[in-house]
Structures are given as structure tokens and as C-alpha cells.
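These numbers come from the heavy atoms of this one structure, side chains and all, not from hydrogens, waters or symmetry mates. Chain A is the first sequence line, chain B the second, and so forth, proteins listed ahead of strands; every chain is numbered from 1.
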Amino acid sequence: MEKTYQPQKVEEKIYKFWEKGGYFTPKIIRGKKPFTIIMPPPNANAPLHVGHGLVITLQDIMIRRHRMLGQPTLWLPGADHAGILTQVTFERKLAEKNQTRYDLGRRKFFAEILKFTLANKKTLENQIRALGASCDWTRNSFTLDSKFDKPIYTVFKKLYRQKLIYRNERMVNWCSRCQTALSDLEVEHKETETKLWYLRYPLKTSGKFIVVATTRPETMLGDTAVAVNSQDKRFKNLIGKTAILPLMNREVSIIADQVVDPEFGTGAVKVTPAHDPVDFEIGQKHKLKAIRVIGFDSKMTNQAGQYVGLDIKLARKKVLADLEKQGLLEKEEKYSHSVGHCERCQTIIESLISLQWFVKIEPLAKQAIKIVKDKKIKIIPARFEKIYFNWLENIRDWCVSRQLWWGHQLPVWYCGTQNLSPLQKQMNKIPTQNGCGEIIVATTPPKKCPKCGQTNLIRDPDTLDTWFSSGQWPFNTLGWFQKSQDFRYFYPTSVMETGYEILFFWVARMIMLGFYATGKIPFETVYLHGMIRDVFGQKMSKSRPETCIDPIKTVKKYGADALRMALVMGNAPGTDSSLSENKIKGMRNFANKIWNAARFILTNPETKNQKQKPKSVHKDDRWIINKLNKTIKTVTKNIENYRFDLAAEEIYQFFWHTFCDKYIEMSKKRRTETQPTLLFVLAMSLKLLHPFMPFITEEIYQKLPEHGKALIIEKWPR
RNA sequence: GGGCUUGUAGCUCAGUUGGCCAGAGCGCCCGGUUUACAUCCGGAAGGUCAGAGGUUCAAAUCCUCUCAAGCCCACCA
């Protein structure tokens with residue numbers, strides 16, 4: 001044995017040994033309860049970051065331990081096409097060449113992203129291997145595998161038939177950069193310093209004004225009312241009167257509505273039903289016209305009169321200047337409020353009216369609440385249950401259509417183009433075509449219109465929100481639709497281990513869609529981990545390479561075992577933790593410690609060929625065995641309680657400071673006599689350590705004088 | 001506006017239902033070429049447990065308030 005442990009010489013060899021041995025593929029044994037984790041598929045648009053390292057580590061700990069308990073254990077790997085994120089990533093690459101998706105056209109654009117994604121996916125898979133993940137590659141899946149199309153469309157169709165999916169013209173979040181609608185979750189609200197402008201709207205009958213306060217003066221061009229609170233005495237006799245909208249010279253009526261807060265601004269609010277969610281609802285209630293003055297390109301439309309073609313910022317400047325000229329700008333105040341930004345590209349979100357597909361979410365949400373309330377699914381740490389309930393209780397319908405090209409196209413066909421929105425026609429260059437107007441939702445392309453027989457049907461060009469399909473990941477990867485043996489045996493899965501930041505995006509949707517589609521919960525336990533931060537407690541970012549830890553470089557330098565141990569130590573469930581190179585070094589030293597303890601025990605010439613059972617009569621021997629047993633208990637308990645951090649710490653302490661520092665030192669005086677105990681404690685320690693540090697433990701295990709086929713399938717100590 | 005989390009040694013964190021002089025790793029300082037390991041060993045220093053008040057025989061741990069840091073949700077014109 002070498003003087004120091006060299007993971008570079010060991011890890012690849014050991015991984016091949018496991019993979020060749022078929023240890024990652026479970027044998028289905030009827031009557032035996034399996035343990036299953038579906039790996040959250042990493043996004044196939046970039047290499048792994050250190051957060052993935054944590055995912056792999058935590059899941060592999062659970063998986064390896066359950067395998068050692070003798071359960072049929074499945075860990076199913078995969079990769080995610082990651083809809084909007086990948087499209088944005090790829091569009092940035094195109095932008096470097098001064099190209100847009102429209103230059104390539106839909107078909108070519110899709111093909112190019114697919115090429116890019118599949119290449120990345122290959123890299124990802126090798127990186128997952130490098131981290132030691134004992135996942136079953138024979139079941140490896142990709143979200144865009146064609147075998148998933150039909151199941152996903154089947155769920156869509158079922159929802160549509162039960163009126164849980166509908167198409168409507170509503171206010172949506174619009175990203176003018178991505179050129180798509182977004183769900184509420186995809187909008188990031190950021191506190192922004194801006195101004196509150198007070199605008200005077202002249203009254204029709206008197207020479208007076210009604211003053212409204214706004215952060216979006218340019219939208220005034222689309223105002224169709226002024227609203228006040230019905231209880232507000234100041235405006236009592238103005239309700240029902242008419243004001244003249246400046247610049248546009250349009251008559252707008254003064255209406256009363258409870259949503260208006262008399263305390264805010266002047267107590268009077270301009271109403272722009274086409275460009276503000278609250279105003280949209282006021283507009284619906286009061287049957288106001290919605291005049292669209294801002295287009296999908298975030299430029300003023302021809303409804304904006306002389307301001308047509310200006311972008312929002314410029315229009316704002318000009319509107320304010322023009323109002324000022326007419327003495328209609330009363331004042332401006334500094335004001336700070338939160339403004340929505342696109343989660344993926346940080347563009348400011350516009351609220352626009354658009355024809356989109358929505359999931360009627362309330363019935364699904366209620367079921368999802370019940371499941372957790374009834375303890376059918378347990379969320380760890382428990383405090384996230386509250387957060388989960390709160391979100392589901394206040395949920396609004398989910399916009400699932402995207403005007404993207406990368407993803408699952410909607411399984412919807414139209415007879416005639418009259419069903420397409422002008423936007424859809426324009427974006428996809430679809431020529432006008434007549435038809436009877438039938439809407440067909442089908443899992444495979446229909447040959448003809450069932451109503452009028454027309455054969456030339458037009459498919460809805462939109463794609464599904466990526467989370468609509470990934471919400472179906474647990475049951476689709478197991479072959480629910482094909483009624484496969486895997487599905488019958490491994491579903492519901494055991495644990496869903498993922499980051500708390502996707503509790504709403506993903507976990508809640510998996511629970512809703514999983515139960516809706518299969519009638520069963522998708523998993524029994526949700527374990528949420530926190531974010532890995534750098535030494536300064538900042539989010540790691542490639543823009544700060546000094547503190548940003550690349551998992552793969554780290555594996556090459558210090559070994560996967562060291563990285564895994566550094567990631568799991570001090571990482572409490574649901575809590576952010578920090579990682580530094582120093583910590584990894586410390587764990588590399590620990591690996592070396594294990595190596596050298598083994599070297600001491602296994603290469604002693606005095607004890608060669610000696611075969612003895614441990615007698616444990618000497619007090620030192622009894623002492624270490626006693627300590628070992630305590631450690632086994634604590635480590636087991638902590639793993640069962642999902643406190644992998646404490647389990648790791650326990651075994652670290654035991655091995656280094658109890659076994660090495662104390663017992664091995666004591667044993668030197670009675671070297672021959674202690675050999676059986678040394679071997680025994682070493683072997684047991686390797687088993688306890690294996691889920692955390694699989695490579696070095698397997699390597700040493702193979703050097704033990706007596707050993708089974710592989711440590712990976714050894715029995716967990718009791 | 002609603003909610004959540006965190007605040008313990010220079011740094012990263014343990015401290016599970018309140019109970020042994022408050023712990024570990026890293027760092028720092030002192031001493032060690034003990035043939036498993038200098039990626040090591042032995043030893044030392046270092047804390048008003050954010051602050052204030054309360055409950056208790058007993059509080060880092062429970063309650064109230066304050067301060068600080070961070071996060072999430074929300075139709076804050």
C-alpha cells in the first residue's frame with residue numbers, strides 16, 4: 001500500500017467494478033419492500049455545480065445504506081431539458097453570433113438545442129459517475145425521451161376533459177426578451193427605487209382635476225377609468241362623473257371599488273385594464289374596455305396615439321414631459337416597491353392580456369394539502385410544511401403555455417387559424433387558413449377534424465411549461481403509462497430529495513400531478529436541503545472563481561470521498577451551509593487517515609496470515625468494541641432521522657479520535673494480540689463509512705484478508 | 001403587508017424532550033524526525049452562548065420584547 005491515499009488511482013477503477021458487477025441495478029423481489037429515489041434530473045444545459053454534489057451525496061448515502069440493509073434499492077438517474085432556461089442559455093450563445101431564434105427557424109433551432117443538450121448530458125453523466133453515484137444507469141432517462149410524450153399528453157388530455165385545463169384570454173406575466181408568458185413562480189420580485197408620479201386628470205364639467213398617483217405613467221394612455229374607494233368621503237360626489245384623459249383626450253368615468261386604498265397616494269387610482277392585474281379585475285367587474293397601449297415587444301402600440309413605436313422608457317419620459325407642459329404633472333415622489341423580473345433573463349415583466357392555457361389548480365391544490373395534512377407525505381424539515389400549505393392555500397391558476405420552441409409542444413390542434421392568437425400567427429409565420437373552429441386535444445396527431453373532416457389541421461405552436469412535464473417525472477420514469485413492472489413495484493417512491501428552492505416549482509406539482517394521474521402519492525418523504533454558499537456566506541458564482549468550488553476539479557484534486565464528506569458535514573436539513581477548499585482538504589486528510597490506519601493494520605509483518613476471532617477479553621479491546629457499538633447505534637439513528645451531517649461527524653470522530661488516536665496507539669504494545677480486534681473494528685468502520693466515502697472504503701475492503709464480493713453489498717452493521 | 005430561518009471560540013458549525021466545569025473541525029500558539037499517517041501526534045490559549053426581561057431548584061435550550069443578518073410569499077396604484 002502507498003504511503004498516502006491516491007484517489008486518482010482508485011476511483012475510476014472502483015466505479016467500473018461496481019458498474020460491471022451490476023450492483024446498481026436492483027433485483028425485484030416480490031414481497032420485499034423496495035427503497036426508491038428518483039434523482040432530480042439536473043439541467044442538461046450546463047455542467048454540474050457543487051449543489052449537485054450535495055444532491056448526489058445525500059441521495060447516495062440513503063441509497064447505499066438501504067442497499068446494505070438488503071432492500072431492493074433503485075436510484076433512477078436522468079437529465080432535464082429544462083425548457084426556458086436552456087432556451088435562454090442557447091439564445092445567449094446565438095446572440096454572440098448576432099443571431100436570434102427567428103434566424104434559424106423553429107425546426108433548426110430545436111435541432112441545434114437538442115445537439116447542444118445531448119452533448120451536455122453526456123458530460124453530466126460522467127460527472128455523476130465521478131461523484132460515486134450508485135444509480136441505475138440501465139434506467140437512465142431524459143425528459144425529452146419520446147416515450148414520455150404520450151403519457152404527458154394523456155395527463156393533459158384528462159385534465160382538459162375534466163375542465164381542469166382551459167384556454168382563456170387573461171392577464172399574464174410577459175417577458176419581452178424571452179417572448180413568452182410566464183407563470184407567477186417564474187417572476188422574481190425585486191425591490192426597486194422608482195418614483196410615484198401624481199397626474200392631474202381634468203374633470204369634464206368643472207375646471208377642477210382629480211389627481212391620481214402612479215408608478216407607470218406611460219400606461220395612462222390606456223386608462224379607461226379612475227377608481228376611488230366607495231367609502232371615501234372626499235370623492236363622494238365625483239363617483240359617476242367623467243374625467244378627461246389627458247394627451248388622449250378620452251372621456252373616462254370615475255368609478256367606486258373596494259380594492260382602492262384611500263390611504264395610498266391621493267386615494268384615486270387610474271385604471272388600465274390592459275396593463276395591470278388589479279386594474280384588469282376592476283375592468284372585468286365594471287365592464288371597462290381594455291386598451292392595449294404596450295405590445296408584446298414592449299413598445300407602444302398604435303393605440304398609444306403619437307407615442308406609437310416608442311419603447312416603454314422613452315414613452316414614459318415623453319408622456320411625463322407632455323403632461324408637465326400642460327401643467328398636469330402635479331408632483332413626483334421617491335418611491336420604492338417591488339418590480340417583477342424574469343427569473344431566467346432578468347428582464348422586467350410586463351402584465352399583458354394574452355390568450356393562454358391554464359390549469360385550474362384549486363382542486364389539485366386541495367388534494368395536495370390533504371395528502372400532507374393526512375401525513376401521507378412527510379416533509380423534512382417540518383417547517384416547510386407550513387410554507388407548502390400557505391402557498392397551496394393562496395394559489396392561482398397556473399399558466400402552462402409558453403411561446404417557446406424548446407420543450408413539449410401542446411397536444412392541441414385547431415381546425416382553421418381563427419383559433420390562433422395574432423401573436424402566435426406572427427411569431428410562427430402561420431398563414432391564414434379556413435376551418436370550422438374545432439379544438440382537438442389528442443395524444444397523437446389527429447388525421448382529420450372530427451367535426452368537419454378537414455385534414456389540414458394546425459397544431460398550437462406553444463410549448464408546455466417545463467414543470468408541467470417534470471411534475472410527472474416520478475411516475476413516468478417508472479413507466480406508469482406502459483403499466484410496467486417497475487411502476488407496480490417501485491411506485492410510490494420512498495424519498496424525494498431536493499432543494500427547498502423548488503418546493504413550489506417542482507415538489508408541490510409532483511404531488512398534485514402525481515396523485516391526479518395515478519391516484520397514488522409519488523413519494524413518502526420529501527427531504528429538502530439548503531444551498532451551498534461560499535466562505536463568505538455568498539451564493540457561489542462562476543464570476544468569483546476564488547470561492548466558487550467546481551465539483552469536478554475538486555474530485556480530481558482531492559477525490560470524490562473528500563468532497564462528499566465536506567458537503568455532508570455540517571449540512572443540516574433545509575439549511576444553507578458553506579463550503580471552502582480548506583474543509584475539503586480536511587476531509588482529504590481524513591481519507592488519508594483511513595488509508596493509513598488500514599495500512600498499519602493490514603501490512604504488519606508480525607500478523608501476516610494470522611487468523612483469529614476477536615476475543616475481546618482485554619479491557620482495551622472491550623473498550624473499543626463498546627465504543628464501536630455505540631457509534632453504530634448513533635450513526636444508524638442519525639441516518640434514519642435524516643441527520644446525515646451528525647452521522648458523518650459521529651463516524652469521523654470515532655474513527656479518527658477514538659480508534660486511531662487512542663486504540664491503535666494502545667494496541668502497539670500488544671500488537672499480535674490486538675490484530676483480530678483491529679481488523680474487526682476496521683471492517684465495521686468501513687461499512688459505516690461506505691455510504692459517505694464509497695471509493696476508499698471499497699478499495700480497502702478489497703484488501704482485507706477475509707472479505708465478501710463487494711463492500712457495496714455488505715450487510716449494514718447492527 | 002404576511003411568513004420563515006439564523007445570531008454559540010478568529011472562521012464553519014454541533015449542542016435532539018431545560019440538568020455533569022458549553023463542544024468539534026479548521027485557524028492560531030507551544031512541543032514533538034514515537035518505522036500507519038507531518039495530509040501526522042501531544043498540549044495550550046480562546047466564549048457576557050446577539051441584548052434585555054421573565055418562568056424554574058436549574059436556561060445556550062422555554063416565554064416576551066429589542067437589535068442584527070438572510071430568505072420566501074403577496075394583485076404595495
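- Within the structure, salt bridge (charged side-chain N to carboxylate O under 4.0 Å, His left out) contacts touching residues 638-657 of chain A (residues at least two apart or in different chains) are A:Arg65-A:Glu640, A:Arg643-A:Asp645.
- Using the six-membered ring where Trp is involved, A:Phe590 and A:Trp656 have ring planes that are parallel, under 30° apart on the 30 and 60° scheme.
- In this structure, A:Met531 atom CE and B:rU5 atom P are separated by 17 Å, rounded to whole Å.
- A:Asp257 is linked by a side chain to side chain donor-acceptor pair (under 3.5 Å) to A:Lys285, A:His286, counting only residues two or more places apart in sequence or in another chain.
- Atom CZ in A:Arg599 sits about 12 Å away from atom P in B:rU35, given to the nearest Å.
- The gap from the P atom of B:rG53 to that of B:rA14 amounts to 28 Å, rounded to the nearest Å.
- Within the nucleic acid shown, A:Lys3 comes within 4.0 Å of sugar-phosphate atoms alone, with no base atom in reach, counting heavy atoms only.
- Using a distance-only test at 3.5 Å, with no hydrogens or angles considered, no donor-acceptor pair links the side chain of A:Arg316 to the main chain of A:Glu218.
- Between the side chain of A:Glu343 and the backbone N or O of A:Val187 there is no donor-acceptor pair closer than 3.5 Å.
- For the atom pair CD1 (A:Ile651) and CG (A:Leu646), the distance works out to 13.5 Å, reported to the nearest 0.5 Å.
- The interatomic distance linking A:Asp534 (CG) with B:rC11 (P) rounds to 15 Å, in whole Å.
- Residue A:Ala572 is in sugar-phosphate contact alone, with no base atom involved, counting any heavy-atom pair closer than 4.0 Å across all strands shown.
- Residues from residues 630-641 of chain A that place a heavy atom under 4.0 Å from any atom of RNA chain B: there are none.
- For the C1' atoms, the distance from B:rG43 to B:rG3 is 49 Å, rounded to whole Å.
- A salt bridge links A:Lys9 to A:Glu2: at least one charged side-chain nitrogen sits closer than 4.0 Å to a carboxylate oxygen.
- Regarding A:Ile594, its CD1 atom lies at a distance of 17 Å from the P atom of B:rC37, rounded to whole Å.
- Within the 3.5 Å criterion, the main-chain N or O of A:Lys190 finds no donor-acceptor partner in the side chain of A:Ser338.
- Residue A:Val212 is out of contact with every strand shown, counting any heavy-atom pair closer than 4.0 Å.
- Between A:Phe384 and A:Tyr500, the two ring planes are parallel [angle under 30°; tilted spans 30° to 60°].
- Looking at A:Arg383, its side chain does come within 3.5 Å of a backbone N or O of A:Gly574 through a donor-acceptor pair.
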(message) Wobble G-U and Watson-Crick pairs count when both distances are under 3.5 Å; given that, what is the 5' to 3' dot-bracket string of RNA chain B, with | for pairing to other strands?
(response) ((((((((.[[[[.)...(...]]]]..((((.......))))......[[[[[..)....]]]]])))))))....

Sub-3.5 Å pairs of nitrogen or oxygen atoms, protein against nucleotides 40-45 of chain B:
residue: B:rC40; atom: OP1; partner: A:Asn589; partner atom: ND2; Å: 3.1
residue: B:rC40; atom: O3'; partner: A:Lys593; partner atom: NZ; Å: 3.1
residue: B:rC41; atom: OP1; partner: A:Lys593; partner atom: NZ; Å: 3.3
residue: B:rC41; atom: OP1; partner: A:Trp656; partner atom: NE1; Å: 2.4
residue: B:rC41; atom: OP1; partner: A:Asp661; partner atom: OD1; Å: 3.1

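- Spacing between B:rG7 and B:rU61 at atom P, rounded to whole Å, works out to 12 Å.
- B:rG32 sits 15 Å from B:rA44 when the C1' atoms are compared, rounded to a whole Å.
- Looking at heavy-atom distances under 4.0 Å, A:Leu646 makes contact with sugar-phosphate atoms alone, never a base.
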(request) Would you give a per-nucleotide map of nucleotides 68-75 of chain B, 5' to 3', where B means the base has a protein non-hydrogen atom under 4.0 Å away, S means only the sugar-phosphate does, and - means neither? (result) ----SSBB

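- Counting non-hydrogen atoms under 4.0 angstrom, A:Arg588 reaches a base of the nucleic acid.
- Summarising the geometry, the separation between OH on A:Tyr652 and P on B:rG23 is reported as 19 Å, rounded to the nearest angstrom.
- If you check B:rC13, B:rA38, B:rA36 against the side chain of A:Ser577, the one that comes closest is B:rC13.
- When the P atom is compared between B:rG23 and B:rU16, the two are found 14 Å apart, to the nearest whole Å.
- Using a 4.0 Å cut-off between a side-chain N of Lys or Arg and a carboxylate O of Asp or Glu, A:Lys668 and A:Glu665 qualify as a salt bridge.
- Annotation: B:rG1 and B:rC20 have their C1' atoms spaced 48 Å apart (nearest Å).
- With hydrogens and angles ignored, a donor-acceptor pair closer than 3.5 Å exists between the side chain of A:Lys668 and the base of B:rA36.
- Within the nucleic acid shown, A:Arg216 has no heavy atom closer than 4.0 Å to any nucleic acid atom.
- Atoms CD1 and OG1, on A:Ile624 and A:Thr658 in that order, are 6.0 Å from each other to the nearest 0.5 Å.
- Separating the P atom of B:rA59 from that of B:rA52 is a span of 15 Å, rounded to the nearest Å.
- Counting non-hydrogen atoms of other residues, nucleotides and ligands closer than 6.0 Å to CD of A:Glu393 gives a total above 12.
- Below 30°, between 30° and 60°, or above 60°: for A:Phe644 and A:Tyr642 the angle between ring planes is above 60°, a perpendicular geometry.
- Here the side chain of A:Arg216 pairs no donor or acceptor atom with the backbone of A:Asp276 at under 3.5 angstrom.
- As a whole-Å value, the separation of A:Glu581 CD from B:rU39 C1' is 13 Å.
- Remark: C1' of B:rC26 and CD of A:Gln653 are 13 Å apart, rounded to the nearest angstrom.
- Rounded to whole Å, the separation between the P atoms of B:rG46 and B:rA9 comes to 14 Å.
- In this structure a side-chain-to-backbone donor-acceptor pair under 3.5 Å is present from A:Asn592 to A:Tyr5.
- Between the CG atom of A:Asn596 and the C1' atom of B:rU35 there is a distance of 12 Å, rounded to whole Å.
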